[in-house]
Amino acid sequence: MKRVPFHAVHSVHKSRQRAGYGVKKRNFIFRPHIILSGLAFSLFSCSGGETAIPPAGEPYLLALPAQYSTPNLPEDNPMTVAGVELGRRLFYDPILSADSSRSCASCHLPERAFTDGKSIATGVNERPGRRNAQSLANAAYQYRGLFWDGRSATLEEQALLPVEDPNEMGHDWAEVERSLRRHPSYPAWFAAAFETTDTSQITRRLAAKALAQFERTLISAGSKYDRVKRGEATFTEMEERGQHIFFDTSEELPEGECGHCHTPPLFTDQTYMNNGITEAPALADFRDKGRGEATGQYFDNGRFRVPSLRNVALTAPYMHDGRFATLEEVIEHYNQGGHYSENVDPKIRKLHLSDTDKLALKAFLETLTDSTFVNNPEFRNPF
Amino acid sequence: MKHLFFMIPLAAALLFGGCNNTDDEGQPGRADLELSFEPITEKPNIGDVVTFQAKLFNRGPLAADGVTVENTVPEGFTQVGDINAGGVFTAPPVIRWAGLSIQPEETITLSFTAVAGKPGGDIGFTHSAQVTASNQPDPDSTPNNASGAPKEDDEAVLHLIPLAGEVSLNFKASYGQDPLVMFEREYAYEDNMAIKMQLFQFYLSEVNLLREDERVPVMDVGLISFGDVYTDEQALAGKSSGTLVAPPGNYTGIEFGFGLTPELNATIPPDYPLGHPLSENYWEAASSYIFFKFEGNADLEPNGEFSDKLTFHVGGNGNYRQLSFDKPIAIEDEKELTLQFNIDLQKMLVDQNTGEYLDFRQVTQSHSNESPSATFLADHVAEAVELE
């Protein structure tokens, strides 16, 4: 059989990509649009009787960056100003933990883009958890599962789990509900958010809804990268070089293969991948099976959620087990091409980056830091 | 066009929706406006002209004037015409009758015609109307407060079910005679090479049923992925486009685009909500979606190690391919038909006539619109896809 000559493959495709680069400027024109959460909420039946308790108070106007796709906000949890504020209080209140020592914010600190700086998160009594605490930035946009293994489908479901995890808050929701009901302030805050008329109506489900409402406000889209895309800033030479490596868009530079999975504008494609950090001759060999633990699917073993790289310079250490302390270590891992297992993603391959290339890639990654996000007073501790 | 015009007694109505009036006795000293729809009992087909009639009735003892009725044309209907009683259609989809006067016990008929199009995803149309203004108070309703689910007698809603069958496109992937499964299966390739798969996916767009010189659209865009096909059983079951609504009729074939039409490819992910097929797989640097992906590992030595990575991502308008298949296709009302397609990856990689093939010893990736390997793959799509 004859072979098709493909000697010119790389030069052709790179030059094409460069020619097309930057054309889609409207993709990054900053046109924040407002979503009035829960507008479609159906309140009444034909007979005029109520079929659902309406959210209480003023709707929360969620400003969505124009460069992001519209998130799917649940109709059964429309955001309100009071609901978001209740969620913020719950987020920062150690009342959710068994010994009142830990809050959500203990592992999700705003100054670290809502991570904790530890390899493995620690819970009550300093008990080590299983995995690295993930950033909550742009949680509203995560629609293919939460946690490293994607075991929770929604923020509302996710918010229920850490409270009763013995390695996290180690508490019991029934106890939490009792504490909230007899608290001097929470009954009024729940009433403002959900029109509860009796403390018995304060439940874990409403608490989770409030937490989810607050988490949906944690939108990060104000990095230097975004400003460059809007024409309000320019990359340095190193950042520009790093961008080309990241997106494989230069004929002269090596391809970093990063942008396939860390797809802009969220810098994640929200899939689950094995990025080759652990060698496993058989897929059953993974000590932490990751996605496979959630799905029971053998070929998902060793796969983990592709995290967003927004604010990545603030979220060290890296990977699901926090094994890499620095971005340099992460870049070196990818540069080496990873370790073998059957389901390592084919895009993990040796990159042949020079030392300068590595520095450039790091410089580009640092442009994803959003200081307005981490310093937003509306995301800080209200107490 | 077939013209439907029905004045059916209420007892015969099958498709009437709305609130029953429970306030049968008009209150003294007031007008009492009620709005209802004449039921439509015959299902319209695409292209049929349908007459919609709303009845405004004054049950109260006093006349009302300054009455305005707004009628929302059902989504999917076009070519609105024959609006009676001075109604205007200046702010689609709303037809507005303003300044109406109505005497006690009088009924005013408000009507228009429109041409039925393709119904929405729930296989139906929703027609609604309400009184939005009146110079007289009404004992049991407030103008212009409709919520979409009638709770007052000055609102009306009609749910209209069209003639519609269902069709789905089911794709099975193979490699030659073998089912295409991900991961551990080894597929022999040319010149003593072998491959294992990890991902095969593609967009299909602008799916049209064909009859005579007419194209009947049934689907805008879909994403078919075999990335979670791990067993022969799953491969033989295939991946479905999902159920699509189609007007009944006898068709001569079907066509669709492999990849995205230039119009769709000119859009960008923020144009779509998360979860929509076009909210992902966008290649910003190339201003294109990735029409199809083929990823896996190759054993090139051969030594059984499959250590060479294969990633072929193909997009760009130049690689869009329109495929057309001739086959009698009968769509019947309320029946579902599955069209079985097979896509043979081997035929995309190896030209069955000339023997040319992608040589993985020379190229293991293409993330390009115009690379020779991308063009080769796109050029062999037509040969690879068959309608059973």
Side-chain angles (χ1 to χ4, degrees), chain A residues 1-10 12-14 16-18 20-24 26-27 42-49 65-72 141-144 247-249 255 257 259-260 263-265 269-271 283 297-299 337 340 342-349, chain B residues 18-20 147-152 182-184 190-191 196 198-199 228 230 268-276 279-288 295-297 307-311 313 316 350-351 354-359 362-374 376:
Chain A
M1 285 189 169
K2 291 181 289 184
R3 296 179 301 184
V4 179
F6 292 109
H7 305 295
V9 166
H10 292 287
V12 170
H13 101 252
K14 285 176 179 172
R16 168 61 182 166
Q17 287 186 336
R18 294 178 79 188
Y21 188 70
V23 169
K24 281 285 177 189
R26 71 186 172 102
N27 196 4
S42 179
L43 301 182
F44 297 99
S45 68
C46 183
S47 61
Q67 70 266 40
Y68 292 176
S69 290
T70 309
N72 304 304
Y141 295 90
Q142 294 171 15
Y143 74 103
R144 282 183 170 148
F247 290 117
D248 308 347
T249 51
E255 298 179 334
E257 311 284 2
H260 300 296
T263 315
D269 64 359
Q270 307 210 35
T271 59
L283 294 180
Q297 171 52 248
Y298 177 72
F299 295 108
Y340 171 79
E342 180 73 34
N343 62 357
V344 170
D345 193 271
K347 295 180 285 294
I348 305 297
R349 57 176 74 190
Chain B
C19 274
N20 294 325
S147 64
K151 58 184 185 295
E152 296 177 350
M182 303 299 113
F183 295 111
E184 292 175 332
E190 302 301 306
D191 197 17
K196 290 182 179 180
Q198 284 210 13
L199 177 66
D228 60 353
Y230 305 121
I268 53 177
D271 295 337
Y272 305 94
L274 281 176
H276 187 283
S279 69
E280 59 183 350
N281 294 307
Y282 190 70
W283 199 353
E284 186 183 308
S287 300
S288 173
E295 297 182 0
N297 295 296
S307 54
D308 290 276
K309 316 296 182 75
L310 306 176
T311 54
H313 296 179
V350 182
D351 188 302
T354 67
E356 289 182 309
Y357 62 94
L358 278 185
D359 186 353
Q362 293 192 51
V363 57
T364 58
Q365 63 177 345
S366 173
H367 308 147
S368 162
N369 291 349
E370 296 180 348
S371 74
S373 54
F376 183 87

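Residue numbers begin at 1 in each chain, while the letters A, B, ... track the order of the sequences.
- B:H313 touches chain A through its side chain: at least one heavy atom from C-beta onward sits under 4.5 Å away, while N, CA, C and O do not.
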Practice item. Show your working on side chain to side chain contact (heavy atoms under 4.5 Å, CB included) between B:T311 and A:R349 and close with a plain yes or no. Key: CA-CA 11 Å; B:T311 54; A:R349 57 176 74 190; 3.2 Å; yes
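- Look at B:K309 and A:E257 and you find no salt bridge, because none of the NZ, NE, NH1 or NH2 atoms lies under 4.0 Å from a carboxylate O.
- A:Y298 touches chain B through its side chain: at least one heavy atom from C-beta onward sits under 4.5 Å away, while N, CA, C and O do not.
- Of the listed residues (A:Y340, A:Y143, A:F299), the greatest number of heavy-atom pairs within a distance under 4.5 Å of chain B belongs to A:F299.
- A donor-acceptor distance shorter than 3.5 angstrom exists from the side chain of B:Q198 to the backbone of A:V344, with no hydrogens or angles considered.
- The two residues A:N72 and B:G275 make their nearest non-hydrogen contact at ND2-N, 4.5 Å.
- Distance check: A:E342 CD to B:K196 NZ gives 3.5 Å after rounding to the nearest 0.5 Å.
- Between the side chains of B:E280 and A:Q270, no donor-acceptor pair of N or O atoms lies under 3.5 Å.
- For B:F183, the parts lying under 4.5 angstrom from a heavy atom of chain A are both the backbone and the side chain.
- In this structure, the side chains of A:H260 and B:W283 stay at 4.5 Å or more apart for every pair of heavy atoms.
- Taking every heavy atom of both residues into account, B:P273 and A:S69 meet most closely at C-CB, 4.2 Å.
- Taking 4.5 Å as the limit, every side-chain heavy atom of A:N343 sits out of range of all side-chain heavy atoms of B:M182.
- The shortest heavy-atom contact between A:P71 and B:L274 is CA-CD1, 3.9 Å.
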